[in-house]
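Just so we're clear, the structure is a prediction, and the values are computed from it rather than from any experiment. Chain letters run A, B, ... following the sequence lines, proteins first, then strands; residues in each count from 1.
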Amino acid sequence: MTHDFQNPPVTAVIPAGAESTALTCLTLLLALTTLIVLWRARVGMRPIALLCIVGGAAAVTFDAQLNVLTLRWFPANAQQIVYTSSGRTVPLFWLCFQAWFVGCGTAWLIAARRTTVQDLWPTVWMLAAIRLLAEWIGVQAGLWLYYGWQPFCVLGVPLWVPVTSAVAVVASARFVAFSLRTHHRASVLIGVPLAWSIAVAMQIWPISLALNHRDSDVVFASVAMVAVFLMAGLFVEFVQRLSRSQGEGVLP
Amino acid sequence: MADSPAMAFAVPVPDWVGRDPVQHPFPLEPVSLLADPHGAAIVLGLAFALAAFSLLRCVQLAFTRRDATPVVLCLTAFAAIVIEPICDLTLGAWFPANQVGVIEFYNRPIPLAVALLYTVYFPPTILYLSRRFEAGITKAQLFRFYAATVLFCWFFEVIPLYWRIWVYHSGHPLTPLGFSFLWGVANPTMLVFAAAAVYATRRMFPRGGALLAAITFPMAFAGWLGISAVAGAIFNSPAAAAHPELNWLAQILLLVCCVYLLSVLADMLASAHRRKVWT
């Protein structure tokens, strides 16, 4: 018995009715966003947009491990489960959430945008704000929670979560957009979850180490979070410069 | 050490039964397993010698090129050992505790020898690949390098696995001579990915200097977790614990992810070289 993770709040429960409400709302939101993305997308890009959304749903495969490493917890009384791994269950509404945020976000950036963006930062801030709002709703509704020495929590949501997620969506979109030049469109199904997972992993490791260290405290965790922000910033600048240097604007 | 060579690579598979998956979410390590002390001492000595040679070579390169990047890479590679325990947790690798330890995260000791071997494995390869990227590398060449690295890892790990400097445990599907091809496929991918990331960052931020290489390398290293995300989800599932043959699916999916990632990376590097955007 060598693992030294902080114990999750196993007694937490999802309030009665919250899970089904969340599932219904997220399904509707996903359907609505999908329709908007398809409506805005060029005809030839619509299948790719759909594949992006499916790929976004596949990004859920990283979440069980991510939950352990970054101390997020889905209460165990969830009724509809996608899968269980690493001792963590991932509920069905989270699949819809990932399909909406990662999938639709990537699809929007790749297929639905009609203007060339020369500056990625507004896109990142917008995605981070959307994610923060969604996280607040989820945490306040008791659908999931963050535990341990989470630094800079606002209403139960650590600020590194929306930032890293937003950056990962942008990175995923850029990666997939590039891969579509030379790879079959079906590769999007691998590209979106792979790029998203890699981008998240590249940013979250300091906070994961800090949160799970036996001598962790607020100072240690706060320093780690600052490191996460710096890495996220470097990541965005890198993607931006890479795109500009290839003379094609940031996104296709 | 085991009595016969045939038994030397046999690692007792820890029991999943009885563990609390919430508090212990990853496969239980064979904590009672001990490294061969004689072998551990030899590996540590070799690692010291190789690391010293690597550092000296990096210092020499730094003076020749008037660029601190090789030295910074060497030191960063040593420091990046802090990320190793996260990777070990998710895909079942374990360093027996009776070795000279250097660091402990997640309550897992990591031997000094491994941190030293990092300085031998990463900086020269990244510097070599950077030179190849500079000259223009084709997809075929990149995949040849990848295949060669997989084979190199396989042959190289025979010795430490024999002496149990580290072991792979809990249901790895393909383990000839104790070497896990789950790791064998993911590690070289991360190596190429890290080299490409360091190279591209240096090109994108010409005034960032060696400092950016020091930040980029551990980030790319941690990308390993993302590369192996799907495989990890299967490997750590109760279904795979009950039916270990499911881990073959993890192996295949991981290979597909790695090949796809390398293919896109090769295209990106070729495109940048063709457009001369970094020169």
With rounding to the nearest 0.5 angstrom, report the OG1 to CG distance, A:Thr84 to B:Asn236.
12.5 Å
Give a yes or no on whether the backbone of A:Asn7 and the side-chain of B:Gln23 come within a donor-acceptor separation of less than 3.5 Å.
no
Side-chain touch B:Ile234/A:Ser85, heavy atoms, less than 4.5 angstrom:
no
Measure B:Pro85 against the heavy atoms of chain A and call it side chain, backbone, both or neither at under 4.5 Å.
neither
A side-chain contact here means heavy atoms from C-beta on lying under 4.5 Å apart; do A:Leu234 and B:Met219 qualify?
yes
B:Ile86 side, atom CD1; A:Leu69 side, atom CG - distance, nearest 0.5 Å:
6.0 Å
Between the side chains of B:Asp267 and A:Thr182, is a donor N or O closer than 3.5 angstrom to an acceptor N or O?
yes
Atom pair CG (B:Leu261) and CD1 (A:Ile190), whose distance is rounded to the nearest 0.5 Å:
11.0 Å
Per-residue tally against chain A (heavy atom, under 4.5 Å) across B:Ala240, B:Ala220, B:Ser263, B:Ser228 peaks at B:Ser263
Check whether any side-chain heavy atom of A:Ser86 sits under 4.5 Å from a side-chain heavy atom of B:Phe26, and report yes or no.
yes
Part of A:Trp73 within contact of chain B (heavy atom distance under 4.5 Å):
side chain
Under a 4.5 Å heavy-atom cut-off, does chain B meet the side chain of A:Ser208, its backbone, both or neither?
both
Would you call the rings of B:Phe205 and A:Phe238 parallel, tilted or perpendicular, where under 30° means parallel and over 60° means perpendicular?
parallel
Within-4.5 Å side-chain heavy-atom neighbours: B:Leu265 and A:Phe175
no
Is chain B contacted by the side chain of A:Val200, its backbone, both, or neither, given a heavy-atom distance below 4.5 Å?
neither
Are side-chain heavy atoms of A:Ile198 and B:Phe193 found at a separation under 4.5 Å?
yes
Of the listed A:Ala76, A:Ala227, A:Gly87, A:Gly191, the one with the largest count of heavy-atom pairs under 4.5 Å with chain B is A:Gly87
Between A:Met231, A:Gln203, A:His183, who has the most heavy-atom pairs with chain B when the cutoff is under 4.5 Å?
A:His183
Residue from B:Val256, B:Val230, B:Ile227 scoring the most non-hydrogen pairs under 4.5 Å with chain A is B:Ile227
Spacing of A:Arg241 atom CZ and B:Arg203 atom CZ [to the nearest 0.5 Å]:
14.0 Å
With a 4.5 angstrom heavy-atom cut-off, is it the side chain or the backbone of B:Leu212 that approaches chain A, or both, or neither?
side chain
Taking the side chain as everything from C-beta on, heavy atoms only, tell me whether A:Arg88 gets closer than 4.5 Å to B:Val22.
yes
What's the shortest heavy-atom distance between A:Ala201 and B:Gly223, and which atoms?
CB-CA, 4.3 Å
Chain B: which of A:Leu230, A:Ile204, A:Leu194, A:Val90 shares the most heavy-atom pairs with it under 4.5 Å?
A:Leu194
Evaluate the side-chain proximity of A:Trp205 to B:Leu225: yes if any heavy-atom separation is below 4.5 Å, no if none is.
no
